[in-house]
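Report on the following structure.
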Protein chains: 2
Amino acid sequence: MNTKSDLGQKEQLTEKEFLKEYNAREYEAPLMTVDMAIFTIRKDKLHVLLVKRAQHPGIGKWALPGGFIDLVKDKQLVDTARRKLKEKTGIDTPYLEQVETFGSRRRDPRGWSVTVAYFALIASEDIDIASNETSEEIVWAAIEGIPKKYNLAFDHNVLFQACYDRLKAKVQYTSLPINLLPQEFTLSELQKIFEIILGSKIEKKSFRRRIIDANIIGETGNVKTGSNRPAKLYSVNAAGKSHYFPRNIEGPR
Amino acid sequence: MNTKSDLGQKEQLTEKEFLKEYNAREYEAPLMTVDMAIFTIRKDKLHVLLVKRAQHPGIGKWALPGGFIDLVKDKQLVDTARRKLKEKTGIDTPYLEQVETFGSRRRDPRGWSVTVAYFALIASEDIDIASNETSEEIVWAAIEGIPKKYNLAFDHNVLFQACYDRLKAKVQYTSLPINLLPQEFTLSELQKIFEIILGSKIEKKSFRRRIIDANIIGETGNVKTGSNRPAKLYSVNAAGKSHYFPRNIEGPR
DNA sequence: TTGACATAGTGTCACAGAGCCACTATCATA
DNA sequence: TATGATAGTGGCTCTGTGACACTATGTCAA
């Protein structure tokens with residue numbers, strides 16, 4: 001078999017001639033997949049979408065949704081992620097962020113494999129699990145259930161943790177969790193979401209000041225009633241979906 | 001040709017039987033490479049290592065060092081990065097960080113390809129370009145020369161920018177640039193490195209307080225003489241190689 | 001109708017770490 | 001021995017977060 005360098009070194013070839021002779025399938029390449037942690041909030045808890053594997057390897061185990069790059073359908077890496085997200089949830093404009101790429105000889109029994117981990121944030125009301133095109137078994141798992149209740153296939157426990165860690169880190173200095181809420185929300189609802197991800201309480205005044213001073217939300221003019229004093233409703237502006245605050249949330253003194 | 005799902009769905013197979021029948025080469029996978037921006041400081045400027053491509057495609061163009069995963073030699077993704085770094089510079093324990101993975105149909109004329117971008121920080125005195133095993137043409141390029149003076153092959157201008165952006169961002173809240181200095185250094189030298197990456201001056205007292213209060217360096221007992229008042233020499237401790245400060249450098253008021 | 005209570009929202013001070021800037025300290029060099 | 005350059009410090013100001021008591025406005029039950 002050719003080594004990678006044989007063909008390319010023939011300097012007498014033009015690049016065009018080289019490409020004509022080149023056949024990618026002569027070379028051994030690792031398996032290449034994209035996996036994603038799709039987060040949402042349900043019943044005041046952070047949840048992640050899991051899919052039961054219908055195929056070998058790891059058949060019957062829970063895993064993060066994902067799959068192979070479609071060399072025809074997908075133009076870029078992120079297209080694979082978007083396509084998978086659409087297939088499972090019907091959503092096509094989430095907050096989407098690449099986290100880390102994992103590759104090793106052993107992570108998949110089929111051989112050397114590489115996966116790019118993404119995470120997505122979606123508003124819980126946007127979820128339409130029924131619109132799952134693939135008729136696979138799907139579950140929203142509360143994050144504390146991983147890996148005990150849901151011990152994931154391959155190294156997906158690790159991928160999940162990397163995504164979750166990234167999210168928890170970013171709560172401290174970005175407005176990212178705002179993407180977990182529907183269009184209209186109250187400041188208290190927003191604070192609650194931050195607290196859920198952070199795993200601890202935030203001081204009310206500090207939080208409100210932080211958000212208001214950042215100019216990332218605007219009043220819609222509506223109020224949310226039902227629970228005692230009505231609360232003003234807000235919506236995010238464009239900048240607010242990924243705003244970086246000047247300082248971290250510091251936590252209790 | 002089989003689709004990905006054909007074989008896996010045969011539920012009557014055990015996983016062992018499945019793996020026996022499975023042949024990775026029946027499936028089309030993208031090309032998979034690792035590329036890296038190796039940073040160092042030379043003459044008070046940030047430089048990055050470039051390699052002149054000796055092969056098609058992009059023959060004769062400058063590029064970030066990198067290459068294909070060696071499915072035999074490399075156990076994990078990071079091994080590929082370490083191996084390439086060792087080949088080019090002779091160094092095997094740098095600061096190394098994965099930045100972002102780029103994949104698209106067009107970034108390499110050979111077809112769908114994916115590359116994982118890393119960056120490395122090395123002390124300038126560690127450099128041994130002569131020890132380059134591959135006898136390729138190599139250059140330390142000042143970063144402002146990219147892409148004007150050095151217009152890189154493939155999408156390497158973009159990869160470089162992603163690595164450089166990451167580095168610049170991290171100067172503001174981590175101790176990362178300390179990895180660009182030799183074992184012993186003065187606080188003024190450390191400050192200079194931060195300023196070079198940041199692209200602007202830092203107030204001396206603030207900087208020294210920030211570093212000292214972080215407990216990430218210790219006096220070696222030696223002093224650096226030669227320029228007027230001698231300066232105390234310090235060395236980093238383990239925690240200091242990747243310390244996160246509680247706040248960002250804010251810049252001038 | 002009214003009072004208890006729950007949640008929304010504010011006023012104001014303390015705190016910590018960054019910026020500012022003038023000051024002192026210690027060397028090389030002329 | 002004076003000068004200049006670089007090392008290093010004292011002590012103030014500034015900004016954004018934490019703390020916490022306070023006010024505001026609704027629901028609900030008696």
Side-chain angles (χ1 to χ4, degrees), chain A residues 44 170-175 181 184-196 198-235 243-253, chain B residues 44 169-175 181 184-195 198-235 243-253:
Chain A
D44 284 350
K170 282 207 157 184
V171 176
Q172 310 213 20
Y173 57 95
T174 74
S175 66
L181 285 174
E184 273 196 320
F185 53 86
T186 68
L187 273 173
S188 297
E189 288 167 348
L190 184 58
Q191 181 174 347
K192 184 71 188 170
I193 299 282
F194 272 73
E195 288 172 345
I196 289 167
L198 195 60
S200 60
K201 290 279 179 192
I202 304 171
E203 211 287 320
K204 182 167 57 168
K205 185 65 194 291
S206 302
F207 181 78
R208 299 171 91 91
R209 188 176 41 207
R210 191 173 160 91
I211 300 295
I212 299 294
D213 290 356
N215 282 313
I216 57 176
I217 60 175
E219 298 182 14
T220 64
N222 305 323
V223 290
K224 177 172 183 172
T225 57
S227 73
N228 309 316
R229 176 171 174 174
K232 283 183 187 170
L233 282 162
Y234 294 86
S235 61
H243 175 77
Y244 286 71
F245 295 103
R247 295 197 197 158
N248 290 353
I249 292 174
E250 294 175 2
R253 293 249 153 81
Chain B
D44 284 352
K170 283 208 157 184
V171 176
Q172 309 211 24
Y173 58 93
T174 75
S175 66
L181 283 175
E184 273 196 320
F185 52 87
T186 68
L187 273 173
S188 296
E189 287 167 348
L190 184 58
Q191 181 174 346
K192 184 72 189 170
I193 300 282
F194 273 72
E195 288 173 345
L198 195 59
S200 60
K201 290 279 180 192
I202 303 172
E203 210 286 321
K204 182 168 54 168
K205 184 64 194 297
S206 303
F207 182 80
R208 299 171 90 91
R209 188 177 43 206
R210 189 173 161 91
I211 300 293
I212 299 294
D213 289 357
N215 283 313
I216 56 175
I217 61 175
E219 298 182 13
T220 63
N222 305 324
V223 289
K224 177 171 182 174
T225 55
S227 73
N228 310 317
R229 175 171 173 174
K232 283 184 186 169
L233 282 163
Y234 294 85
S235 61
H243 175 78
Y244 285 70
F245 296 103
R247 294 196 197 159
N248 290 352
I249 293 173
E250 294 176 0
R253 291 251 155 80

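Lettering of chains follows the sequences in order, A, B, ..., and the numbering in each one begins at 1. Being a predicted model, the structure only gives us computed values, none of them experimental.
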Hey, could you give me the CD1/CD1 distance between B:Ile202 and B:Ile249, rounded to the nearest 0.5 Å?
4.0 Å
For the pair made of OH in B:Tyr244 and P in C:dG17, what is the distance, rounded to whole Å?
19 Å
Counting side-chain heavy atoms from CB outward, which of C:dC20, C:dA25, C:dG9 is closest to A:Arg229?
C:dG9
Find out whether B:Leu187 and B:Lys232 are in side-chain contact, i.e. whether some heavy atom of one side chain is under 4.5 Å from a heavy atom of the other.
no
At under 4.0 Å between heavy atoms, what does B:Ser206 touch on the DNA or RNA strands: base, sugar-phosphate, or nothing?
base
What's the separation between atom CZ in A:Phe194 and atom CG in A:Leu181, rounded to the nearest 0.5 Å?
9.0 Å
Residue closer to the 5' end of DNA chain D, A:Glu203 versus A:Gly226 (nearest nucleotide):
A:Glu203
Remember a base hit wins even if backbone is also touched, and classify B:Lys232 as base, sugar-phosphate or nothing at under 4.0 Å, heavy atoms.
sugar-phosphate
Output for pair (A:Arg210 CZ, A:Glu203 CD), nearest 0.5 Å, gives 13.0 Å
Given the structure, check if the side chain of A:Lys205 and the base of C:dG9 hold any donor-acceptor pair shorter than 3.5 Å.
no
Go through the steps for B:Lys170 and B:Tyr244 under the test side-chain contact (heavy atoms from CB on, under 4.5 Å), then give the verdict.
CA-CA 9 Å; B:Lys170 283 208 157 184; B:Tyr244 285 70; 3.1 Å; yes
In residues 207-223 of chain A, what residues come within less than 4.0 Å of DNA chain C, judged by heavy atoms?
A:Arg208, A:Arg209
In whole Å, what is the span from the CD atom of A:Glu189 to the C1' atom of C:dT7?
12 Å
Interatomic distance where CZ belongs to A:Arg253 and P belongs to C:dC13 [whole Å]:
16 Å
Atom-to-atom span, CD1 of B:Ile202 to C1' of C:dG17 - whole angstrom:
15 Å
Min side-chain heavy-atom separation B:Leu233-B:Thr186 under 4.5 Å
yes
For chain A, the stretch of DNA chain D it reaches, first to last nucleotide, under 4.0 Å of its heavy atoms:
D:dT15 to D:dT27
Base, sugar-phosphate or nothing for B:Glu250? Non-hydrogen atoms, less than 4.0 Å.
sugar-phosphate
Starting at CD1 of A:Ile249 and ending at P of C:dG17, how long is that distance when rounded to a whole Å?
17 Å
Take A:Ile211 and A:Phe245 through the test side-chain contact (heavy atoms from CB on, under 4.5 Å) and record every step on the way to the result.
CA-CA 9 Å; A:Ile211 300 295; A:Phe245 295 103; 3.9 Å; yes
In whole Å, what is the span from the CG atom of A:Asn248 to the C1' atom of C:dG17?
12 Å
Between B:Lys204 and A:Pro230, name the one whose nearest nucleotide on DNA chain D is closer to the 5' end.
B:Lys204
Separation between CG (B:Asn248) and OH (A:Tyr173), nearest 0.5 Å, reads 10.0 Å
Can you tell me how far apart CZ (A:Arg208) and NZ (A:Lys204) are? Round to the nearest 0.5 Å.
6.5 Å
